[in-house]
Amino acid sequence: MNLLEDLNERQKEAVLATEGPVMVMAGAGSGKTRVLTRRIAYLIKEIGINPFNILAVTFTNKAALEMKERITNLLGIDTKFMWVSTFHSFCARFLRVEAKHIGGMYTANFQILDDEDSLKAVKNVLKNKSYKDDIKPQVFKTWISNSKNMPDFQLADPYKMQIFTEVYKEYNEYLANNNAFDFDDLILKTVEIFKKERDILYKYQDKFNYILVDEFQDTNKVQFELICLLAAKHQNIFVVGDEDQSIYSFRGALVTNVKRFREVFPFTKLILLEENYRSSKAILDLANKVIKNNTDRVEKNLYTSKIDSIKPYYYETSTSYEETLFVLNKIKELLDKGYSYKDFAIMYRANYISRNFEDVFIKNQIPYVIYGGFSFFARKEIKDMIAYLRLILNNDDNLSFLRIVNEPKRKIGGTTLEKLDKLASLNKISLFKAIDLIANNNLTKFKEMILDLKTKVDEISICDFYDLVLEKTMYLDYLKANDEEDRIENVNEFKSVLDEAKDTYEGNNSNILANLLLDLSLRTNTDDKSDNDEVVKLMSFHQAKGLEFKVVFMVAMEEGIFPSGNTFSPSDLEEERRICYVGITRAEERLYLTSCKNRLMYGHYESNPPSRFIREMGLLGNIKKKVISVNTKEIVEKEQVDNKVIFKLGDKINHKIFGDGVVVSVDGNYIKIAFKVPYGIKTLLASHPSIIKITK
DNA sequence: AGGTCTTTCCTTTTT
DNA sequence: GGAAAGACCT
């Protein structure tokens with residue numbers, strides 16, 4: 001195949017400019033992944049570059065996987081061991097090779113802690129601190145992460161800064177003692193080694209002659225530094241990004257890196273991709289109208305050659321419940337017009353918005369999936385099993401030991417473990433080894449079980465071994481006893497991951513397992529099958545990035561929700577606006593925006609004006625008043641509610657006995673009313689004939 | 001050590 | 001309103 005086929009002039013330029021620094025500003029839907037993969041293929045096939053001299057980094061496993069797949073399709077080569085990966089897995093792969101330069105007690109088989117694990121580490125550090133109740137562990141964790149990712153991290157309050165500094169230090173020591181890194185460390189340590197050990201830097205600079213970075217606008221300070229270090233010598237650095245889609249600054253992403261890049265590499269060739277192949281003209285117009293309000297950006301205007309388009313609509317409903325019905329009915333209507341479930345996506349600013357839709361979809365038998373939530377590998381039962389396997393392979397793994405020593409319950413409590421911990425640190429041995437120094441039958445039994453399992457690893461197949469672990473640890477029995485159907489299914493599903501490992505890793509079972517276990521923390525949900533499933537998708541705008549759908553509903557478009565109530569500075573607002581831009585540009589054919597006057601939230605009604613973004617789109621004068629009428633049970637229920645008098649906060653009422661009062665909360669069929677003394681606040685059935693609304 | 005009662009939270013979260 | 005973590009009790 002001709003690698004320049006079906007590319008426009010700008011895209012061709014981006015593929016062909018193989019030498020020197022190149023920055024591609026790729027608008028939404030302008031074919032950036034296509035450019036990236038064609039360029040890699042071009043480097044290999046036309047220029048003759050060895051695939052192992054190319055480094056391509058992305059932010060998600062999914063993006064990395066997709067890139068590899070596309071390269072395989074273009075060139076028919078095996079991409080399994082190519083350096084096409086996320087920032088984190090690139091760094092992990094590097095650190096496993098160069099572990100001896102990390103310093104401290106780190107070895108090549110370091111563990112990678114996920115968010116839950118590192119929060120546990122913070123809690124462990126805080127355990128004996130006098131200030132442990134003043135500031136939550138999660139807050140410390142966020143600070144730790146920020147200080148590892150953001151430039152000049154500082155806390156304004158000197159006292160807080162002081163205790164933070166202490167926790168930060170001890171947290172890092174705790175990790176080091178356990179041969180563990182958190183996600184941020186992976187990148188930080190890699191950069192540290194490159195800065196400290198020049199020979200190693202030169203080696204990798206020579207290895208990676210061509211570097212490509214996807215979603216460049218999302219790089220943080222350290223990631224930017226990493227790229228600059230690696231590319232400093234050959235300068236063949238190709239970055240693709242879109243300032244307007246930078247929506248992760250709360251995690252340290254610096255949009256300013258886009259500007260800085262051109263300072264660091266003054267001879268950067270700049271290429272703008274503005275032709276959009278995804279959305280209709282009307283949808284693009286809305287996106288352009290909104291993003292125009294951001295001041296701090298390079299002027300860029302997406303255009304399309306698609307002419308026919310369906311106008312995007314904004315609907316305001318009375319309640320959040322009606323909002324869900326509107327979406328439901330619109331989906332049904334469009335299904336009749338030939339759309340199928342997979343064509344629809346419902347997007348919102350905050351995940352809790354999904355609940356309303358879930359309820360309505362279940363009742364009306366609309367197939368759906370909610371994106372996000374826990375990754376398979378982050379589930380408790382899976383992490384427990386991983387901990388068992390780790391401990392069996394490496395008895396000195398204290399973190400795994402602590403995780404499962406009393407899971408399921410073996411009557412090994414906090415006091416016992418504290419004693420064990422003291423003995424272990426006194427004798428400088430692992431917790432597992434310290435069991436010998438303590439007379440505790442439960443611990444001894446546990447130790448024998450683990451050692452017994454250890455003798456079996458290489459005797460039987462990996463799956464049989466895993467079954468044995470499930471049995472001997474009593475874990476499966478414990479799940480069965482508690483009727484944990486989902487968890488039982490998950491621990492069984494984990495077998496397929498173990499089974500796959502045979503094809504990826506080499507050696508005996510112990511080796512295969514050990515290597516697999518080291519890689520698991522960076523694995524996320526691999527089932528990208530769901531993308532094509534015949535279901536409606538519900539997701540946050542953040543989760544929607546990179547995806548596209550024929551029909552998009554942007555719901556809960558209300559001030560306080562979107563832009564979020566936590567938007568304070570002008571730059572916060574600009575980020576919210578970019579989130580909005582990402583949302584709009586996901587839509588191919590139809591876009592519906594909704595808001596409601598009264599939203600049921602946290603058990604009571606709240607009223608917010610429509611989002612300012614609706615006004616910026618020029619849709620405010622364009623409200624479609626639509627009477628919802630579809631014959632479903634839902635609607636019947638709804639009409640019954642309508643027959644009653646609806647009370648909202650602040651309504652003045654009169655009660656036959658208690659006299660005048662004001663509604664102070666609405667709770668389903670019940671309302672709370674503040675009456676004059678001596679009656680006070682009463683909770684009453686809203687439909688009770690004794691209550692009469694006297695205003696409005 | 002483990003059950004139950006009470007308090008707390010409720011923006012986004014690629015790894 | 002509701003889940004989930006923490007406090008409290010035995």
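So that the names make sense, note that chain A is the first sequence line, chain B the second, and so on, each numbered from 1.
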Q) Got a sec, which residues hit side-chain contact (heavy atoms from CB on, under 4.5 Å) with A:Lys380, two or more places apart in sequence or on another chain? A) A:Asp384, A:Arg403, A:Glu407, A:Tyr475, A:Tyr478, A:Arg487

(Q) Test of understanding: with side-chain contact (heavy atoms from CB on, under 4.5 Å), list the residues that count as partners of A:Thr256, not counting sequence neighbours. (A) A:Leu254

Q.
If the condition is ring pair (Phe, Tyr, Trp, His ring centres under 6.0 Å), which residues does A:Tyr248 pass it with, not counting sequence neighbours?
A. A:Phe250, A:His542

Q | Qualifying residues under ring pair (Phe, Tyr, Trp, His ring centres under 6.0 Å), relative to A:Phe181, sequence neighbours excluded | A | A:Tyr106, A:Phe110

Q) What orientation do A:Phe94 and A:Phe90 show, parallel under 30°, tilted 30 to 60°, or perpendicular over 60°? A) parallel

Q) Can you check salt bridge (charged side-chain N to carboxylate O under 4.0 Å, His left out) on A:Arg578 and A:Glu243, steps first, answer last? A) CA-CA 9 Å; A:Arg578 291 192 292 266; A:Glu243 282 182 294; over 6 Å; no

Q) On a whole-Å scale, what distance lies between the P atoms belonging to C:dA4 and B:dT11? A) 16 Å

Residue list, salt bridge (Lys or Arg N to Asp or Glu O under 4.0 Å) with [X], at least two apart or on another chain:
X	result
A:Lys129	A:Glu166, A:Glu170
A:Lys141	A:Asp115
A:Arg577	A:Glu616
A:Lys480	none

Q: Dot-bracket for DNA chain B, please, read 5' to 3', with Watson-Crick or G-U wobble pairs under 3.5 Å on both distances, ( ) within the strand, [ ] crossing, | other strand, . unpaired.
A: ||||||||||.....

Shorter than 3.5 Å, N or O on both sides, protein versus nucleotides 2-10 of chain C: list them out with atom names.
none

Can you give me the N/O atom pairs linking the protein to nucleotides 1-5 of chain B at distances under 3.5 Å, or say none if there are none?
| unit_1 | atom_1 | unit_2 | atom_2 | d |
| --- | --- | --- | --- | --- |
| B:dA1 | OP1 | A:Gly413 | N | 2.6 |
| B:dA1 | OP2 | A:Gly414 | N | 3.2 |

Q.
With a 4.0 Å cut-off on N to O distance, would you call A:Glu66 and A:Lys62 a salt bridge?
A. no

Q) Salt bridge between A:Glu574 and A:Arg297, side-chain N to carboxylate O under 4.0 Å? A) no

**Q.** Protein proximity profile, nucleotides 6-15 of chain B - base contact B, sugar-phosphate-only contact S, no contact -, cut-off 4.0 Å on heavy atoms
**A.** ---SBBBBBB

